[in-house]
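Since the structure comes first, as structure tokens, the remarks are kept for the end.
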Amino acid sequence: MEKFTLNINDQKVSIECAPDTPLLWALRDQLGLTGTKYGCGIAVCGSCTVHLDGTAIRSCSLPISAINDKAITTIEGVGKDELHPVQKAWIAENVPQCGFCQSGQIMSAIALLKQNGNPSDADIEQAMSGNICRCGTYIRIRSAIKNAAKNNV
Amino acid sequence: MKPNPSNNKLFKVSRRDFVKIGALGSTGLILGIPLGCKQDKNAFLTGREDAVFAPNVYITILGTGEVQLIAHRSEMGTGIRTSLPLVMADEMEADWTKVKIIQAVGDVKYGDQNTDGSYSVRMFYQPLRIAGATVKLMLMQAAAQEWQVDISECSAVNHEIVHSSGKSLGYGYLAEKAGALPIPDENEITLKDSKDFKFISKETVIYDLEDIVTGKAVYGLDVQIPDLKVAVIKRNPEAGAGIKSFNNDMATAIEGVSKVYKMESTAFPMGYNAPLGGIVVVANNTWTAIKARDAVEVVWDKGINASYDSNAFMQQMQRSVQKEGQVKRQQGSATKALKEAAKVIESDFLVPHLAHSPMETPCAVARYNADGTCDIWAPVQSPQWVRQAVAEALGIEESEVTINVTLLGSAFGRKSKPDFVVEAALISKEMNTPIKLLWTREDDIQHDFYHSNCAQHIKVGIDKNNKVTSWVHRTAFPSISGTASADAKGPSSDELCMGVLDMPFEIDNISCESLDAKAQIRIGWLRSVHNINHAFAIGSIVDQVAQARQMDPIDNMLDLLGSDRKIDFAAKVEGFNNYNVTLEEYPCDTHRLKQVVQLVKEKSGWGKSLPKGTGMGFAAHRSFLTYVACVVEVEVDDNNNIKIPMVHFAIDCGVPVNPDRIRAQFEGGAAFGASLALKSEINVKNGAVIEDNFNNYLVARMEDAPINTAVHFVENEEKPTGVGEPPVPPFIPALCNAIFMATGKRITRLPIRL
């Protein structure tokens, strides 16, 4: 066990865990941030997507010891006071079915729009290809991203 | 519209639950003045805060005006947690913003809770309308009594009863008074006319929408209770085979590991409740449990399926369907007609095992309490079944088990089976502490209840006048019941009624046959079940038949469907199962099937000219009592990359209760179909599944799924039927037929490899 101080959703938090603990399990088991989901454990499904200094990463495969002082943002950290425009777009399009993968989808979409304010279909497919939705909400995810882009996220 | 009381067993059960007033008040004293008597702007809207009006198990009105509606079916993404409550809200004229939805625990008092088989709306639409309408009538009676007027002068408008003079009383105010009234007879109830619907057939967003997009929604693995420990299980790659020996020294040495022990396995066929068993690792957090599991050394035993090879099995099934099987539906003489045919079109069709792989893996929180009772929190489709299974496994009464149903991170049939919850309960009892059991993705993909792999052969005879005169359909697949019984040697007639025996074509000579195939791995029902295999084969062969007859595929389909008629399958097939309801109630009506075919033709731009490398394909299939026709547009590039720019569905599901969620099911159903058609395949070698995660068990990602899907409704006032499963079966052959048009290649095996 080692002590780590993390910068999560603009707050400094201290945790004690094995250094190889993936961020995902630290968030869920130790910090109670359960909006980030487990889907595969090998960074191929995207359910666990969070931001590390604004970039979308798979938290299931990022050990705590590799994070240092980088800023982590989870779904709980976006739209804290008011819903984020991407969340609003998700609501406007009624995207979710079961909803389980949607935290990860939203985190990937926010990261995409931060880099590219006007993504093409191919840009969207590329950025979102790491996020699986078994319910198959892809059509609405695509529209929500386009709508959020139109509203200048 | 008067309900038919005989249809509503559920409501009769619920009528036993009596009106409770003041049940929440602890002293039994009435203190103060009811809020509703204050002459402020909220006058007469609310009543005594502790008033509770609960005339049936689904609906409670509080003195505050809050309406609590029970969602007794499980929410796995279909929107049912919203769609059934809105049916009640509509009939009772409730204000949706004052509605709180409460998820039911598993309890027979709610009626059927098995969220499966696309029947939630079908089974509960009418009883819940009556439940809502009864509440409305009682509120009107209470208001009429209060005002000393005739009830005909009262009407219900948005959470209030309004008198013809303009005065009104709120539902909260009336709750206590309505609770004092006797429950009216069903023949006094009048249901709304469909033109007055406020929610039914309108658009209502799902109740959990904002919680989902903010990460607050609670699924199985998100449940937190004090003193939870986490368990994972190391499992024998061959399901049901046991353990020779194991060494837990390395695992127990890891800091945070509580215990590593052996859970007995139940030999195959173990059924749906039995834990798979293995080496259980309990730790103080998930990562420690996973690491310790990897550190356990095990020598596995071999079971009766140690030589199961799905490839060899498929070849064996394919050989078997070349010869006549057990004839389950016969008409005329297909053999004779085939001999006389001018042309015979025939093909084999193969579908592999498939895994459910819901986004949320199986998981459960169990707390075996000191008093011998047990509380469960889990994402389950069938909470009553889980309650029974847990009680049985723990040797306690069902009444001592509470099943709290969380949101399900999708399920597709996997979470119908209680096995994973039973495991959690047993571990909690063993450890004497609350347990959160996680199935990792590897567990999920390697130890599923797999979709039946299937080989089929279809032979169609066309005479010299270009008329289809014979139809022979042979299918071989392991039965779902083979998971529970060694006696199940092949398809049951119930299973054959999903796409084989309910074949709707008007052909003179028919032989539908099945061939035995024994389950050698856990088999289960996957979204759309055997319709996946059979609609793929039938939808594909009829496209070949159209080609042979030089007919447009849609004209060919309309010709095959023949005259408008309600097909009397009961007379044609012994033990015909029409999705557990009678053909009188829910006929197989060729007129309705032809209507969706014509509608999809009209809406899809069928027949338009298409550039090279693109194609449009068509198929139609009735399953789960819903009629669906589908047109898929496809683009295939020089590298055989497949893109699906457009899908059109035309559907007849009766009254569309929540159209946006119906569209969502069809959009998602097409994506699910794209997974099965293009990507997914489970292979078994030496009794062990080869695939183990989403890097080798492939599913559709955004770039593989349809880019657009349009859903066109046949408008009618027929009884509503389900939409969870019906989208998948026709999509797959429509896609295959589109690929044929684009490339000239016929697809006879899934997943598609060009």
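Remember, it's a predicted structure, so these values are computed and weren't measured experimentally. Quick note on labels: first sequence line is chain A, next is B, and so on, each numbered from 1.
Residue A/Cys98 holds its SG atom at 11.0 Å from CG of B/Asp208, rounded to the nearest 0.5 Å. The distance from the CD1 atom of B/Ile290 to the CH2 atom of A/Trp25 is 5.5 Å, given to the nearest 0.5 Å. Here A/Cys60 contributes atom SG and B/Trp287 contributes atom CH2; the two are 9.0 Å apart, rounded to the nearest 0.5 Å. Going from atom SG of A/Cys40 over to atom CG of B/Asp692 covers 11.0 Å, rounded to the nearest 0.5 Å. Note that the CZ atom of B/Arg663 and the CD1 atom of A/Ile139 stand 12.0 Å from one another [nearest 0.5 Å]. Summarising the geometry, atom CD belonging to B/Glu360 is positioned 12.0 Å from atom SG belonging to A/Cys101; distances are rounded to the nearest 0.5 Å.
Only the backbone of B/Met76 comes within contact range of chain A, with heavy atoms under 4.5 Å apart. Using a 4.5 Å cut-off between heavy atoms, A/Asp20 contacts chain B through both its backbone and its side chain. Looking at B/Phe672, the atoms closer than 4.5 Å to chain A (heavy atoms on both sides) all sit in the side chain, from C-beta outward. With a threshold of 4.5 angstrom between heavy atoms, B/Ser357 approaches chain A through its backbone and through its side chain. With a 4.5 angstrom heavy-atom cutoff, B/Glu667 touches chain A via backbone and side-chain atoms both. Heavy-atom distances place the side chain of A/Leu83, and not its backbone, under 4.5 Å from chain B. With a 4.5 angstrom heavy-atom cutoff, B/Thr361 touches chain A only via side-chain atoms. Proximity to chain A (any heavy atom under 4.5 Å) is shown, for B/Leu407, by neither the backbone nor the side chain. Residue contact with chain A, scored on non-hydrogen atoms closer than 4.5 Å, involves the backbone of B/Ala217 exclusively. Only the side chain of A/Ile106 comes within contact range of chain B, with at least one heavy atom under 4.5 Å from a heavy atom of that chain. For chain A, no part of B/Leu228 is nearby; none of its heavy atoms comes within less than 4.5 Å.
Atom CD of A/Glu16 has more than 12 neighbouring heavy atoms from other residues, nucleotides or ligands inside a 6.0 Å radius. Remark: B/Glu210 CD is loosely packed, at most 12 non-hydrogen atoms of other residues, nucleotides or ligands lying under 6.0 Å away. Summarising the local packing, CD of A/Gln115 is surrounded by 12 or fewer heavy atoms from other residues, nucleotides or ligands at distances under 6.0 Å.
Distance alone, capped at 3.5 Å, is enough to place a donor-acceptor pair between the A/Tyr38 side chain and the B/Arg441 backbone.
When the candidates A/Arg142, A/Gln102, A/Gln126 are compared by the number of heavy-atom contacts under 4.5 Å with chain B, A/Arg142 comes out ahead. Of the residues considered (A/Gln105, A/Lys37, A/Met128, A/Lys80), A/Lys37 shows the highest number of contacts with chain B, using heavy-atom pairs under 4.5 Å. Of the listed residues B/Thr78, B/Asp444, B/Thr214, B/Asn708, the one with more heavy-atom pairs under 4.5 angstrom with chain A than any other is B/Thr214. Heavy-atom pairs under 4.5 Å with chain A were tallied for B/Asn284, B/Asn695, B/Leu221; the largest tally goes to B/Leu221. Your options are A/Gly99, A/Ser47, A/Ala18, A/Gly41, and the one with the most heavy-atom pairs under 4.5 Å with chain B is A/Gly99. With chain A as partner, the option from B/Asn693, B/Leu209, B/Asn285 having the largest number of non-hydrogen pairs under 4.5 angstrom is B/Asn693. Each of B/Arg661, B/Gln224, B/Arg527, B/His356 has some count of heavy-atom pairs under 4.5 Å with chain A, and the biggest count is that of B/Arg661.
Counting heavy atoms from C-beta outward, B/Ser675 and A/Arg134 have side chains that approach closer than 4.5 Å. You'll find the side chain of B/Thr286 stays beyond 4.5 Å of the side chain of A/Arg28, heavy atoms only. Contact check for B/Glu703 versus A/Tyr138: no side-chain heavy atoms found under the 4.5 Å cut-off. A heavy-atom distance below 4.5 Å is not found between the side chains of A/Lys88 and B/Val213. Looking at heavy atoms from C-beta onward, B/Ser410 lies out of side-chain contact with A/Phe100 at the 4.5 angstrom threshold.
Minimum heavy-atom separation, B/Phe412 to A/Cys135: CZ-N, 4.2 Å. Among all heavy-atom pairs drawn from A/Ile132 and B/Arg701, the shortest one is CD1-NH2, 3.3 Å. Taking all atoms of both residues into account, the shortest heavy-atom contact from A/Pro96 to B/Ile206 is O-CD1, 3.9 Å.
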(message) If you apply the rule salt bridge (Lys or Arg N to Asp or Glu O under 4.0 Å), what do you find for B/Asp660 with A/Arg140, and how did you get there?
(response) CA-CA 12 Å; B/Asp660 176 69; A/Arg140 297 189 192 209; 3.0 Å; yes
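The interface of residues 70-79 of chain A with chain B, defined by heavy-atom distances below 4.5 Å, comprises A/Ile75, A/Glu76.
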